[in-house]
Amino acid sequence: MKKIHFLSFLLLCIASTVCGQEIFIGNAPFRTSTSLNGKWEYVLDPFRTEQMGGKSIYRNATPQNKTDRVEYSFNAAQTLWVPGSWNTQKPELTYYEGNIWYRRKFDVDKYSTDKRYFVYVGAANYIAKVSVNSESVGRHEGGFTPFCFEVTHLLQEKDNYLIIGVNAARRADNIPAEVADWFNHSGITRDVLLIETPKTFISNHFMALDKSTLGDKTRRIKGNIVLNGKKMPQNVQIQIPELKTKKQIPVASDGTAHFTLEAPKLKLWSPETPKLYRICIIAGEDSLNDEIGFRSIETRGKQILLNGKPIFLKGICLHDENPLRRDRAHSADDAALVLGWAKELGCNFLRLAHYPHQENIVRMADKEGILLWEELPLYWGIQWQNPVVLKKAKQQYSELIQRDFNRASSIIWSIANETAISPSRNAFLAELASYVRSLDNTRLISAACKKDQEADGHPDNVYTYNDPLMEHLDIISFNEYLGWYGGSPSECRNKSFKMGLEKPVIVSEFGGGAMQGMHGDSLTRWSEEFQVYLYEESLRMFDQIDGLAGMAPWILVDFMSPLRQLHGIQDGWNRKGLISEKGAKKKAFYTLKKFYENK
Ligand code: GCU
């Protein structure tokens with residue numbers, strides 16, 4: 001029985017506990033917690049000095065007498081909503097990418113010294129420094145993955161204050177680096193919770209179908225439960241009530257409990273039948289419930305197999321943004337808005353570009369039966385030769401996998417987008433691919449590769465793909481904009497594609513821009529008619545690819561991007577959406593919808 005690679009996870013979970021740094025708490029939104037969302041005071045720190053007049057801002061300094069000099073104050077400060085990017089809350093912050101220090105005062109309801117307390121942040125873009133009651137508790141880098149710091153030793157029943165300093169600067173050694181075609185929504189962009197747990201609690205749990213039992217009458221689930229605490233219970237109990245399955249699992253000395261569960265009547269999860277099971281885990285005084293779907297995803301030759309059957313991924317790309325609010329998406333309503341549009345389009349697949357999206361959309365995709373491609377923003381020019389950047393990529397991918405491991409809808413981890421071929425990039429991504437696999441061998445790995453012609457630039461009617469990255473991928477993906485970036489849509493009629501390896505192919509981006517409501521003939525750039533023409537020709541061209549297993553046109557809805565400044569047409573928006581930022585569908589929406597209906 002092929003073991004799911006929990007070992008690396010286990011080391012990761014223990015390491016974080018041992019070094020007292022970030023502790024990952026899985027299933028966070030469903031744990032006992034107090035929301036700290038709402039209005040937070042803030043102090044600007046444009047030059048990222050982290051102090052004003054010689055006093056550290058996170059210390060929440062106040063004048064001790066009438067003569068005392070303190071050159072900042074949270075008490076008299078303005079406020080920002082959390083969660084939410086600061087850029088679109090105040091005009092003076094639109095393009096601000098300095099530091100902002102947020103403060104939230106709070107009391108602890110039913111405070112008890114028998115509990116442990118953790119500050120959980122769904123995401124803060126890009127570096128966050130967390131302190132409680134003037135004591136620093138930790139630093140997190142990465143704008144799109146959750147993090148947690150223990151604050152038990154610092155809390156009191158009343159009058160606590162949490163200060164989080166967020167640094168939104170784009171840097172060459174960040175992930176992403178300095179230039180990206182999306183708006184750098186800055187600040188605390190997802191939920192903040194005060195999570196409380198017993199002294200020993202379930203830090204995370206990982207469960208998946210043992211795909212070797214896919215065709216058996218009695219299917220098997222394998223998994224691992226990771227506990228955190230000084231005193232460990234002898235056993236943990238796992239229950240799947242609907243299957244009338246209950247099992248006591250011994251806890252090893254390192255706080256883990258590996259298990260397999262026989263599940264004779266297990267119904268598989270799929271887009272047609274997105275079956276989720278309530279899972280209950282009891283460990284000493286702690287317990288948690290989760291809802292998990294079980295499925296297998298693998299490849300065979302040029303096919304992607306879901307539960308052993310070939311599937312075609314009818315997709316669309318998406319940024320994690322609610323355009324109606326001009327903000328990062330962060331709520332279930334935001335997720336429902338875009339999932340509704342994707343289902344109306346006839347999609348069974350979403351490419352969550354170019355960074356980890358909010359957890360609501362992943363959990364909602366589980367319920368709605370939409371398959372997901374998830375990725376880190378290893379996008380365009382990354383410092384491939386910098387070992388610190390590789391370490392950041394591994395840390396952020398481990399956070400994403402710890403968050404979404406149990407989500408049946410998530411089937412692909414992508415490790416790069418449009419990255420130029422070079423020895424350092426090839427080595428970096430080869431190592432990252434094997435690292436991701438070591439954490440999770442239940443999903444497929446892909447990346448948007450480069451066509452050979454991009455390297456040597458010679459025009460050719462056969463696009464060939466021999467990117468060395470491809471040997472490390474389960475699925476070959478590529479972005480192709482013939483007819484928008486170069487050439488005309490009519491040239492699609494004499495192009496064909498040749499992959500260097502016998503693997504499934506996903507066209508991970510194609511398309512072009514249109515200003516919703518602008519009309520002209522099919523050669524008028526920015527008209528809806530041009531976008532329709534480009535889609536018609538592109539779809540016909542890609543549909544002839546041998547081994548085409550899916551596609552994700554760019555993009556469901558117009559999105560904010562400082563790279564797009566054509567006045568009167570773009571004005572800070574990338575117009576390749578099939579829907580405008582006001583929610584109005586363009587004609588090409590129906591072109592793609594019809595194609596998927598007939599697929
Ligand atoms: C690129 C890139 C996207 C970008 C798109 C575009 O392929 O991956 O992030 O927005 O093309 O040019 O609109």
Side-chain angles (χ1 to χ4, degrees), residues 125 143-144 170 174-185 315-321 323 328-329 338 350-357 373-382 412 414-421 425 429 446-451 453-455 463 465 467 469 473 475-487 489 492 497 505-516 525-526 530-531 534-535 538 541-542 550-566 569-581 586 588 592:
N125 185 34
F144 306 95
R170 287 169 290 107
N174 283 5
I175 299 175
E178 286 158 309
V179 179
D181 190 15
W182 65 81
F183 191 85
N184 183 30
H185 287 286
I316 191 80
C317 290
L318 179 69
H319 266 293
D320 192 27
E321 189 175 79
R328 274 273 167 262
V338 291
L350 271 179
R351 178 185 175 193
L352 302 184
H354 283 294
Y355 39 74
H357 286 213
W373 156 313
E374 297 197 76
E375 62 187 78
L376 277 197
L378 289 157
Y379 178 98
W380 293 356
I382 296 289
I412 294 169
S414 176
I415 57 173
N417 181 73
E418 297 192 346
T419 55
I421 295 171
R425 167 266 197 181
L429 292 178
S446 190
C449 297
K450 287 268 183 192
K451 62 176 181 275
Q453 285 79 357
E454 246 150 298
Y463 285 153
Y465 293 80
D467 185 332
L469 175 57
L473 307 177
I475 300 172
I476 301 166
S477 302
F478 63 86
N479 305 341
E480 177 51 55
Y481 283 91
L482 175 64
W484 179 262
Y485 291 124
C492 293
F497 296 77
V505 175
I506 292 177
V507 184
S508 40
E509 285 183 38
F510 68 87
M515 179 72 178
Q516 191 276 328
R525 180 85 61 164
W526 305 111
F530 182 99
Q531 192 183 41
L534 179 57
Y535 264 74
S538 303
M541 169 176 72
F542 293 127
M551 56 171 60
W554 188 262
I555 186 168
L556 180 63
V557 55
D558 290 353
F559 61 95
M560 296 168 69
S561 170
L563 288 187
R564 309 295 174 173
Q565 294 296 341
L566 176 59
I569 298 272
Q570 296 173 319
D571 292 315
W573 291 85
N574 183 311
R575 293 287 180 208
K576 296 188 184 70
L578 295 176
I579 300 173
S580 77
E581 78 280 18
K586 305 173 190 176
L592 183 61

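In listed order, ligands and their atoms are each counted from 1.
- Of the residues Thr419, Asp467, Leu469, the one that meets the side chain to side chain contact (heavy atoms under 4.5 Å, CB included) test with Lys450 is Asp467.
- Between the side chain of Arg425 and the main chain of Gly381, no donor-acceptor pair closer than 3.5 Å is present.
- Across the listed options Phe478, Tyr481, Tyr379, Tyr481 owns the non-hydrogen atom lying nearest to atom 5 (C) of ligand 1.
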Practice prompt. Start with the C-alpha gap between His357 and Phe144, add the side-chain angles, then the distance that decides, and say whether ring pair (Phe, Tyr, Trp, His ring centres under 6.0 Å) holds.
Written response: CA-CA 7 Å; His357 286 213; Phe144 306 95; 8.5 Å; no
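- Ring geometry for Trp554 versus Phe559: interplanar angle over 60°, hence perpendicular rather than tilted (30 to 60°).
- With a 4.0 Å cut-off on non-hydrogen atoms, Asn574 touches ligand 1 through its side chain and not its backbone.
- Within ligand 1, counting atoms from 1 as listed, the ones closer than 4.0 Å to a heavy atom of Phe559 are 10 (O).
- Of all protein heavy atoms, the one closest to atom 4 (C) of ligand 1 is Asp181 OD2, 3.3 Å.
- With ligand atoms numbered from 1 in the order given, ligand 1 contributes 6 (C), 12 (O), 13 (O) to contacts under 4.0 Å with heavy atoms of Arg564.
- Interface atoms of ligand 1 facing Tyr485, defined by a heavy-atom separation under 4.0 Å, are 6 (C), 12 (O), 13 (O).
- Distances between N or O atoms of Trp380 and those of ligand 1 include no value under 3.5 Å.
- A donor and an acceptor atom, one from each side chain of Gln453 and Tyr463, are nowhere located under 3.5 Å apart.
- The protein heavy-atom contact nearest to atom 7 (O) of ligand 1 is Glu418 OE2, 2.3 Å.
- Arg575 pairs in a side-chain hydrogen bond (donor to acceptor under 3.5 Å, both in side chains) with only one of the listed residues (Gln531, Glu581, Gln516, Gln570), which is Glu581.
- Listed for the Arg170 side chain is no donor-acceptor partner under 3.5 Å among the backbone atoms of Val179.
- Under the 4.5 Å side-chain criterion, counting only non-hydrogen atoms from C-beta, Phe510 is in contact with Met551.
- Which parts of ligand 1 touch Asn479 is read off a 4.0 Å heavy-atom cut-off, strictly below it: atoms 7 (O), 8 (O).
- Rounded to the nearest 0.5 angstrom, His354 NE2 and Ser508 OG are separated by 9.0 Å.
- Numbered from 1 in the order shown, with element, the atoms of ligand 1 that lie under 4.0 Å from a heavy atom of His354 read 3 (C), 8 (O), 9 (O).
- In Trp182, neither the side chain nor the backbone holds a heavy atom less than 4.0 Å from any atom of ligand 1.
- Looking only at protein heavy atoms, the nearest one to atom 8 (O) of ligand 1 is Glu509 OE2, 2.7 Å.
- Counting only heavy atoms of the protein, atom 13 (O) of ligand 1 lies nearest to Lys576 NZ, 2.6 Å.
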